[in-house]
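For reference, the structure discussed in these notes is given below.
As the structure is a computational prediction, the values presented were derived from the model and not from experiment. Reckoned from all heavy atoms, side chains included, excluding hydrogens, waters and symmetry mates.
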Amino acid sequence: MTATSKTIQQPKDFGFDADALALKDVAEKFFQDNLPTQKLHALVAHDSNLEHGTVSRWDADLWQQIVDLGWLMVSVPERVGGMGMSAVAVATLVEQAGRAALPGPLVPTLNVSYILGACGTDNADAALSLICEGSTFSYAACNKSGSWEHDTSDLVIEGGKLTGEVHFVQDAQKVDYFLVNAKLVNDNQGVDTTLVAVPANAEGLSIMPNAIIDLTRDQARLQFDQTPIENQQIVSAPGKALEALRLATPALLVTISADICGAAEWQLQTTAEYARTRKQFDRNIGFFQAVKHPLADFMIAIDLARSHLYNAACAIDFEPEKAEQFARMAKAAASDAAAFGSKKSVQLHGGIGFTWECFVHIYMKRQLHSQTLLGDASHQRAKLAELILSQS
Amino acid sequence: MTATSKTIQQPKDFGFDADALALKDVAEKFFQDNLPTQKLHALVAHDSNLEHGTVSRWDADLWQQIVDLGWLMVSVPERVGGMGMSAVAVATLVEQAGRAALPGPLVPTLNVSYILGACGTDNADAALSLICEGSTFSYAACNKSGSWEHDTSDLVIEGGKLTGEVHFVQDAQKVDYFLVNAKLVNDNQGVDTTLVAVPANAEGLSIMPNAIIDLTRDQARLQFDQTPIENQQIVSAPGKALEALRLATPALLVTISADICGAAEWQLQTTAEYARTRKQFDRNIGFFQAVKHPLADFMIAIDLARSHLYNAACAIDFEPEKAEQFARMAKAAASDAAAFGSKKSVQLHGGIGFTWECFVHIYMKRQLHSQTLLGDASHQRAKLAELILSQS
Amino acid sequence: MSKNAKRDTPEQEEFRRYCRDWLASNVPAAPNFKPLKNGAEVATQQHLEYYSVWQKSAYDAGLVGCDYPVEYGGGGRTHCQSIANQEMLRAKTPILPGAIGLGMAAPTIFFHGSESLKQRLLPKLLSGEELWCQGFSEPGAGSDLASVQTFAERRGDKWVINGHKVWTSTAQFATWMILLARTDKSDKYNGLTYFVVPIKSELGKSVTVRPLIKITGETGFNEELFDDLEIDDAFRLDDVGKGWQVAMTTLAHERGAGPLTTPMSGGQGLAEDKDSKPKSERSEFPLIKLAQHCVRNGEPAIDDPVIRDKVMNMLIRQVGIKQNRRLRRVPGLADSQRLTLQDKLLGTEYLQDSAALALEIEGPAGTLSNFDSAAPDNGMWPLAYLSSFGGTIAAGTSEIQRNILGERILGLDKSK
Amino acid sequence: MSKNAKRDTPEQEEFRRYCRDWLASNVPAAPNFKPLKNGAEVATQQHLEYYSVWQKSAYDAGLVGCDYPVEYGGGGRTHCQSIANQEMLRAKTPILPGAIGLGMAAPTIFFHGSESLKQRLLPKLLSGEELWCQGFSEPGAGSDLASVQTFAERRGDKWVINGHKVWTSTAQFATWMILLARTDKSDKYNGLTYFVVPIKSELGKSVTVRPLIKITGETGFNEELFDDLEIDDAFRLDDVGKGWQVAMTTLAHERGAGPLTTPMSGGQGLAEDKDSKPKSERSEFPLIKLAQHCVRNGEPAIDDPVIRDKVMNMLIRQVGIKQNRRLRRVPGLADSQRLTLQDKLLGTEYLQDSAALALEIEGPAGTLSNFDSAAPDNGMWPLAYLSSFGGTIAAGTSEIQRNILGERILGLDKSK
């Protein structure tokens, strides 16, 4: 595969080669076999009292299988022992995980692998090696208001100590390490945004879980109080952290979009199956256009979102100057598809859809959560407008 | 009717009294009898070549009947010989005219009667007397970009001469007078926005018709070249023109919203009638939810818009401090209802709806025009936000 | 007041004065829990006691059931229940716990019950001593009520009932249930029969009541299993096979379209009388305040013009719904039935869409549940969004509502 | 090129070279009118002449009809039409005027016509000497094609046709029409028969062709009235009563789903090859430029964040449609049929919604028609909006498209 032609920068097939196809097929079968929806429901929805809803239960054995399959390192470069697969391959893997609504830090770890890959330092490579060994990471950067920008972290490193609070950290109770975005205060050069790998059991770190709606994830606020930071924990090159984050942004948007697309396909198929078999007024309800047409619209929305997804993923590898643009389109399309489809998946199930025992609410709640991650659809459109209009 | 209670400022029935009911009933019957849709079609759609589309044909005899019924002066105060009816009565009259898609300067003249009524000068009263005698007016204030604000006119009066261009003037080829918004240049006091009544046949005035999509109206650019202005033509009090316009704004928004609501009801009923009788797949197409549900949604949108309409009209008489807020809500609701319903009225008519001989396109085109007059829905919402948020 | 407002009859005028006098000194003190908004919300023994005491007191004073004949425990008056309702609303009384009994069971028994059933059941229903619940919905019969499968088999003078009912409010407290059952499998509409069923006395025997867990994780509804429940034929309403017609009487009264006015009491616990003018749009429209407090990407959400546009659109919908309710009472200006039939759809979809917009306003904080102390507005919005599907699904889904509008108002062919 | 891209067969490779050579020196100069984008747009004698000359020349060179057998005037090649099409697109040749003949009539005649009809009709169809039109739609048969009422009555060896067809492109120039007629009133689907009908020779006699005026005031379609048109039984395709099945062959090829590749030529007059990567999104997405030039309430429309949000949403849809077309060709990654069936709906609704947004951007100037010199973008947008309903109505309305998706892809019960 090459991108020699001046007019055709991307390969027509999105770079979806035999390796990618194999990964997709294996992942599809793996989740079908190992995490059917009734198993997921028993796992995460076993307690309906949300007062206890501060940690999502996950299946440690299943997770170990995922680690053993090497899926944490699909996007880790080959030079540090990873699989170095194309972004479109990674997207299809995450889609299958999203379709199963997998509880576990797959997306957070993949995201960190992209950020570390963009750092290009020896320390970053060492952290990538940890991922290859099965360690999990989550990126921690949000201030209290949940900003979707990279330079708003309230964390500070001064005199080798990390202090402050960071919010909305994904799967915080499941990961081994946090990749923390902090301002390094340096007497000579002022303040520099810096990326630091911190173990979850670090001294001075308190993990304060949120009570959240999504049953398949957990989320927390991290409180650092004089947590000691060694030099080898600093993974970004001096003055280059924001640049690395900028480079990794399209991949971060692609993974969450892929998760949404996969979950949406589950919602579509599950609701269509119900419409094929549920009878009212002596007909399967799929007969009624008030059921059929929203499902057709949902299908279309999913397929547009998937088209954007692969286009964005392909751009990461073949057309990096367009990757952020396309990735923002993908996240906007995926979020809108999910909002529409989640609503219809519950509504069209009727009374049963309003019960805890029906599976659709698990996916609706996961989608509501995913929609806001890294910015919702209207945020993506605002950023897209900035990107497009600045080209004039 | 009084508004004494502190909590209930508006009468519950919107001030819709026996006189208003009588006016509504007479108007409804009048337009049914005298302007059935086939007559309208023969009148305005007789030539399908839009190259000739710079004037909408109208029925002078019909218009004279309208004048004779006194409908130009329904909102002219009784003290100057008008009928001084409630705004809600005026709204129901205009609704019926809109339902008939009446070609003729009814709304423009009513609008000017509200502006003149708010001026409160002897010259304004003299102009109102002209309306009582059957003269028609159109308000001319837009600059080239079609601004929806009152203070952006490019016209200037200097040394008793009016010069400049004004755009998007409604029914310009049908009215006897223009009420012109101009900057009066005064050596002592600087520049003052001023309202001036100018006869359509004034010296130095050229009327340059637009070619427009709407077949039931005409629109033009007016070019004034040293048109002489006498003192008695100045209808606003010094320094008070913008205040008068601000006072009249809710009424201007109410009349166009009423026109839209009436036309929308025609669109709904005509399309429902088609759905009751047109057969496809051996069923009347109204059986199909893809036809039925959009019509139900259109009905709902119309009724919400009408509810806003009467609330806004009632506020003009009983709760003036809220009138602009409510009127902007009414115009937003009416414009959105029209956009949705016009689209469905053509689409649900299928192939026949795409032909010139079917009547639905006449209403779609009138609605497209009405939607932008005085600002479309998103403009109204932006203004509404300003009004509401400034109350904090 | 406008000319169109209805005048009281002399009987009504006198009764209004009586109600006002009585209420002046008999409205109970607010409870020490959050006041409920309607009878279906009764969830605890504490609720039940507080509201039963109130219903009995209002009944004894003649404010509940006043239009029912004296021989059935009523007040024997004419068109006076609406007066009592208005005055109880005005006086902000507590709600009545017997909402399903008063609104649905009572008129159905009155129009279709035998003389002896009326005498036996109505007095304790009106006084609130016996609570009622409704057994219509089933797992397989939601929108299509006529497809109920719970079967009543005739055995001499008895009926033996087996089946499964769902979405039953207050079944855990009810003495009686109105029940629609199939008595003939070969005829969908003419194979239904309507019964009144004693459930409390059979609990744990042939009747099992279980709480249903909602999408939010909360309870609030029940399901009931009938396992060879035997009842007397005297508990049948109207003829065998007439159940569908009897159920129409129930549903008409549920929708406020039946001839008998439902006793309604309340105001306590309601923020605002829906007919009185609020002080400002902002105070009863929480999204503006929410958007001012929430930060989206570093700026208050309300400063984002896209959010602003959506918030204004929602405000316009809210005001429109209120005005729509006002408009429907103005004869000559609007078709009252056309507007009334829109009400459920408008209200429930507004609640859903405004909750969805609230989540958009909240951004990342919208992920937090009502059990997280950092959640804006105490985490009410994710809960409100999930709960809103109860509204768009129950009592005629939004899809069914649109059918009704197209068919009854626009005369389109039935979609079923 | 990626590994998945298809390779040419040796025959295709050689033919591609031949096409390229021939085209290098035989593409005609641009016409002195605005080049047309497809055969259905042919409206004047001038159009007809220019494009007929081109079709004849391309046919003579073997680029049109190359996959048809030699005995029917074809080139006798295998899978070469797609090669010719690609090369003609690349060379930006003029369009072919015989689109309905080539795309719909030819494959139908090929699969269902008698040997003598094939020999008689196909050569002049392929060469463009005889133009064809399609007589399917009727005033009462739009979405429901099987309800055609135009009646063909058998009289010995002849058929006598009476009826009314509508929405016929280029009927005024056509020699032949493919016609679906009813031959049995008692059987909806099995009562149809398919004919080829000489219409030019009967014009002004038993056939009347009249222009239909569109919602825009423009012409472009025709309607035809048949008044005792007598044709020979030899003009029947397939058996009596098999018209519906024959029509399916026509429709499958119209939608690009039939086995025979339609000869397509063009590129002249098209802004951009849809498969090649544009230089920038902005150049092929006119709404951004429009929003920069139009003023809404004193400011450039593009500075209004609400407009911006809508413009970006439309851009996302446009790019999505393009990527959807790309995705459908990647085996293993997507279900090609599922995506292909969305294409018409996506494209036509995008055109409608983007034109509506353009009108919103234009504000008051959106009232101006294409005949007003002050109209932005030469007044194309109001015209585009009105014209867009042709797209969402013709060839399967958007409502029918959604049925197809729900039924064929999701397996839901048929709504009819």
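- Here CG of C:Leu327 is found 10.0 Å from CG of B:Asn311. Values are rounded to the nearest 0.5 Å.
- In this structure, a donor-acceptor pair under 3.5 Å is present between the side chains of B:Gln10 and C:Arg326.
- In this structure, the side chains of C:Leu405 and B:Lys292 stay at 4.5 Å or more apart for every pair of heavy atoms.
- Heavy atoms of C:Leu346 lying under 4.5 Å from chain B belong exclusively to its side chain.
- Residues C:Met312 and B:Met329 fail the side-chain proximity criterion, which asks for heavy atoms closer than 4.5 Å.
- Heavy-atom neighbours of B:Gln269 CD from other residues, nucleotides or ligands within 6.0 Å: above the threshold of 12.
- For residues 373-383 of chain B, a heavy-atom distance under 4.5 Å to chain C picks out B:Ser378, B:Arg381, given by residue number.
- For C:Gln401, no part lies near chain B; criterion is any non-hydrogen pair under 4.5 Å.
- Residues B:Leu389 and C:Gln292 have side chains in contact (heavy-atom distance under 4.5 Å, counting atoms from C-beta outward).
- The part of C:Leu345 that comes within reach of chain B is its side chain, from C-beta onward, which places non-hydrogen atoms under 4.5 angstrom from that chain.
- The shortest distance between side-chain heavy atoms of C:Gln323 and B:Leu304 does not fall below 4.5 Å.
- Using a 4.5 Å heavy-atom threshold, the side chains of C:Arg329 and B:Lys12 count as separate.
- Looking at heavy atoms from C-beta onward, B:Asp303 lies out of side-chain contact with C:Asp335 at the 4.5 angstrom threshold.
- Using a 4.5 Å cut-off between non-hydrogen atoms, the part of residues 275-289 of chain B that approaches chain C consists of B:Ala275, B:Arg276, B:Asn284, B:Gly286, B:Phe287, B:Gln289.
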